[in-house]
Amino acid sequence: MLLNLLHAHVSQALDAARAAGELSWETLPEIKIEVPKDTSHGDYATSVALALAKPARKAPRQIAECLLPHLQHPMFARIEIAGPGFLNFSLAWDWLRQQLRELHAADANFGQQPEADTHRYLLEYVSANPTGSLHFGHGRWAVLGDCLARIMRKAGFSVSTEFYINDTGAQIQNLGSSVKACYLGHLQSLGQNLSEDNSALLARYRAEKDATEKGPVQFYHGASVQVLAEALAAEYGLEAGDQPVSFFSDFAKARILAEQQDELEACGVRFDSWFPESRLHAEGAVAEAIETLRQAGVTYEQDGALWFRSSDYGDDKDRVLIKQGGSTTYFANDIAYHWNKLQRGFDRLINIWGADHHGYIARMQAAVQALGYGKETLEILLGQIVHLYRNGEMVRMSKRTGEMVTFGEVFEEVGKDATRYLLMQRSADTSVDFDLELAKQQNADNPVFYVQYAHARICSIFRTAQQSEVMARLAADYTSADLGQLTAPEERALILKLMAYPDEIAFAAVLRAPHRLSHYVEDLAAQFHQFYKQCRVLDEKAPALSQARLFLAESTRRVLHNALTDIFGISAPEAM
RNA sequence: GCGCCUGUAGCUCAGUGGAUAGAGCAGCGGACUUCUAAUCCGUCGGUCGCAGGUUCGACUCCUGCCAGGCGCGCCA
């Protein structure tokens, strides 16, 4: 990585200057290396001399003067002291050419970094209830989590991904009741007589569905419930009316889960594991977790409930683990789940949650600490809400009517590439307004096409080369190109941008900010388009230059392909 | 009331305490006999919500306000 390399050089120069007695300091400030906005300030720059002014009690420019003699390396063509004391690095052409060759040789592995740390990360995201289709908000977390996992792996972190299935509890019960009610309605319409209990259930279901004023909703009324009831009738016939609600909920949740899995798969989102909440209950893990907290002395009984002293760990107030009725809270179950993750050997837990769950963070982190783990063990990434629009009008979702646009419908309509790109393009901290018509119509203006077009253009150059015997020969043997032919500023800028790829990945991984890579890739595509315009690749009169440019173009294609397919999870078309 | 997020060009948004705050879209003006014009070049456009503070230096950090969103259950 280029930044690491520069960092090492600066660090060594500092040590050398100190050893020579030219500089002294108590605490060394962070060495920051950046790409200057103004190209006349070199390819990279550091402000370390400014930061060191106070600790070293010396003027910044003087400090820079001290460092200069210790910064000797063939990679530098020139190092200048500028402004208040910046060190501006200009990299040597020959060194850049050599780096380009190495980048090309690394091929698909370019950007892949060695082990970044020894932790084992578990990234949990989406984790929707199996009570209905995934909505578009889930889609944002799906894309975000998937891209983050890809980026972190590329950056050398060991990451496993998991989907937590909330397959127990009242919502599942309600789903089962709803499906049963629809099923009973079906039987009734066929002239079957219903038992007293069944009639009552059906009546309650219909009453809630037909209610005009708003109130608490118990049942599910979407069309999908009807579909589930019909599917059940098709599979089990008309004799299931006496089956308990659990029979219906088991059927429904299995179907819904399968649908969610299919949709995620179709969108290129693959989880390493699917963890059902029911397993925790079956294994007695919830009781065990509660007992562990009890023995740690962080619980107490009050008002017939068992409480966890989460306020001792920074939460606003204490939280209930076991309710008056004796059943456990969702929170208690979640504690057991997180403990389970830790017991499986993951020592870094990252969860992606919707911003509406932020009030839940403090208690969850309190629980992890109470179980004996450090504060840094659990990291929660909050994503802001996403609004769906169609022709400028917000698409409203209603739980009562079950009216909603599912994630699957959106990416079927908009396309996987554009959907994924538009969702990962924005920082998780910003709410997203996603207009379906815009996402589709945008085509030419959509940045994803801009990037893909650069890739297709490069492929096109190689196709065109086949039409001429001379060019075809050069293209076939482009790896033996004399890169010394590359001298243009556009070529240099493109190489520098390519070299930055691993640094961008590392940065995006550490910041947990996938959106940063979309900006990088757009910059890279822009840099290529400029090169394409300014530097003709195939030129019969300059075969050596043509070959060198083919080498550069192919290297660019490899990085674009790598980013599009490995990081963004979208296609890298050869023609558009 | 308390907590979290957001506030940057007409719009959508980037921006690691550093040099003259950037990009795309929209607007205006240019560039196709030449590897894909889904492209490129130029130009217009700013009180970085407001006010203080910290320092060599603040869009960035701190405090207080203003505006918008979300959340403050023995729901999940």
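So that the names make sense, note that chain A is the first sequence line, chain B the second, and so on, each numbered from 1.
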Query raised in the report: CG of A:Leu52 versus P of B:rG17: gap in Å, rounded?
Result: 18 Å
Query raised in the report: Nearest to the side chain of A:Asp356, which nucleotide is it out of B:rA19, B:rG18, B:rC70?
Result: B:rC70
Query raised in the report: Counting side-chain heavy atoms from C-beta on, which of B:rG73, B:rC35, B:rA76 comes nearest to A:Tyr330?
Result: B:rA76
Requested in this report: May I ask you to check whether A:His529 and A:Tyr450 place their ring centres under 6.0 Å from each other?
Outcome: yes
Query raised in the report: Using purine N1 to pyrimidine N3 plus N6-O4 or O6-N4 for Watson-Crick, or N1-O2 and O6-N3 for G-U wobble, each under 3.5 Å, what pairs with B:rU20?
Result: none
Query raised in the report: NA contact type, A:Cys535, heavy-atom cut-off 4.0 Å: base, sugar-phosphate, or nothing?
Result: base
**Report entry** Whole-Å gap separating P (B:rA31) and NZ (A:Lys533)
**Finding:** 11 Å
Report task. Say whether A:Tyr300 and A:Asp318, considering side chains only, have a donor N or O and an acceptor N or O under 3.5 Å apart. Result -> yes
Query - Rounded distance in Å between the P positions of B:rC5 and B:rA38 - result: 43 Å
Atom pairs under 3.5 Å: protein N/O with N/O of nucleotides 20-23 of chain B:
none

Query raised in the report: Does B:rG7 have a Watson-Crick or wobble mate here (both distances under 3.5 Å), and if so which one?
Result: B:rC66
Report task. In whole angstrom, give me the gap between the C1' atoms of B:rA19 and B:rC41. Result -> 26 Å
Query raised in the report: In Watson-Crick or G-U wobble terms, both distances under 3.5 Å, what is the partner of B:rA37?
Result: none
Query raised in the report: Taking the side chain of A:Tyr360 as heavy atoms from C-beta outward, which of B:rA76, B:rA37, B:rU6 is closest to it?
Result: B:rA76
Query raised in the report: Quick one: is B:rC70 close enough that its OP1 or OP2 comes under 4.0 Å of any side-chain N or O from A:Gln384?
Result: no
Query raised in the report: In terms of the nearest nucleotide of RNA chain B, which residue is placed more toward the 5' end: A:Gln530 or A:Leu382?
Result: A:Leu382
Query raised in the report: Does a salt bridge link A:Glu80 with A:Arg78, judged by any charged N lying under 4.0 Å from a carboxylate O?
Result: yes
Query raised in the report: Over how many whole Å does the gap from A:Ile385 atom CD1 to B:rG71 atom C1' extend?
Result: 12 Å
Query - Integer angstrom distance from the P of B:rG3 to that of B:rG73 - result: 16 Å
Requested in this report: Could you check which nucleotide pairs with B:rC61 in any of the strands shown, counting Watson-Crick or G-U wobble with both distances under 3.5 Å?
Outcome: B:rG53
Query raised in the report: Rounded to the Å, how far apart are A:Asp433 CG and B:rG68 P?
Result: 17 Å
Query raised in the report: Are any of A:Arg426's side-chain N or O atoms less than 4.0 Å away from OP1 or OP2 of B:rC13?
Result: yes
Query - Opposite nucleotide pairing with B:rG42, Watson-Crick or G-U, both atom distances under 3.5 Å - result: B:rC28
Query raised in the report: Looking at the rings of A:Phe163 and A:Tyr125, which for Trp means the six-membered one, are their centres under 6.0 Å apart?
Result: no
**Report entry** Contact under 4.0 Å: A:Arg319 side-chain N or O vs B:rG73 OP1/OP2
**Finding:** no
Report task. Could you please spell out the steps behind the ring-ring contact (aromatic ring centres under 6.0 Å, His included) verdict for A:Tyr389 and A:Phe434? Result -> CA-CA 6 Å; A:Tyr389 287 78; A:Phe434 192 99; 9.9 Å; no
**Report entry** OP1 or OP2 of B:rG69 under 4.0 Å from side-chain N/O of A:Thr430
**Finding:** no
Query raised in the report: Can you check whether A:His515 has a side-chain N or O nearer than 4.0 Å to OP1 or OP2 of B:rG15?
Result: yes
Requested in this report: Write down the distance separating the P atoms in B:rA9 and B:rG49, rounded off to the nearest Å.
Outcome: 8 Å
Query raised in the report: Looking at B:rG3, does its base get a donor-acceptor pair with the side chain of A:His358 below 3.5 Å?
Result: yes
Query - A:Tyr520 ring center near A:Tyr501 ring center (under 6.0 Å) - result: yes
Query raised in the report: Counting only side-chain N and O atoms of A:Arg516, is one of them less than 4.0 Å from OP1 or OP2 of B:rG15?
Result: yes
Requested in this report: Identify whether a stacking contact exists between A:Phe86 and B:rG18, where the ring centres must be under 5.5 Å apart and the planes under 30° apart.
Outcome: no
**Report entry** Short side-chain N/O contact from A:Tyr532 to OP1 or OP2 of B:rA38, under 4.0 Å
**Finding:** no
Query raised in the report: Between B:rA23 and B:rC40, how far is it from one C1' atom to the other, in whole Å?
Result: 16 Å
Query raised in the report: With ring centroids as reference points, do A:Phe531 and A:Phe528 lie under 6.0 angstrom apart?
Result: yes
**Report entry** Whole-Å distance separating the CZ atom of A:Arg309 from the C1' atom of B:rC74
**Finding:** 17 Å
Report task. Could you tell me whether A:Arg319 and A:Asp315 make a salt bridge, using a distance below 4.0 angstrom between a side-chain N and a carboxylate O? Result -> yes
Query raised in the report: If you measure from the P atom in B:rG42 to the same atom in B:rG24, how many Å do you get, rounded?
Result: 10 Å
**Report entry** Distance, P atom - from B:rC62 to B:rU6, rounded to whole angstrom
**Finding:** 12 Å
Query raised in the report: If we call it a pair only when both distances are under 3.5 Å in a Watson-Crick or G-U wobble match, what pairs with B:rG1?
Result: B:rC72
Query raised in the report: Got a salt bridge between A:Arg420 and A:Asp417, using NZ or NE/NH1/NH2 to carboxylate O under 4.0 Å?
Result: no
Query raised in the report: B:rU39 P sits how many Å from A:Gln452 CD, rounded?
Result: 13 Å
Query raised in the report: Between B:rA76 atom P and A:Ile165 atom CD1, what is the distance in whole Å?
Result: 18 Å
Query raised in the report: Nearest to the side chain of A:Leu50, which nucleotide is it out of B:rG18, B:rA19, B:rA76?
Result: B:rG18
Query raised in the report: Can A:Arg390 and A:Asp435 be counted as an ion pair, charged N to O under 4.0 angstrom?
Result: no
Query raised in the report: Rounded to whole angstroms, how far apart are OH on A:Tyr450 and C1' on B:rC25?
Result: 13 Å
Query raised in the report: How far, in whole Å, is B:rU16 from B:rU60 if one measures between their C1' atoms?
Result: 9 Å
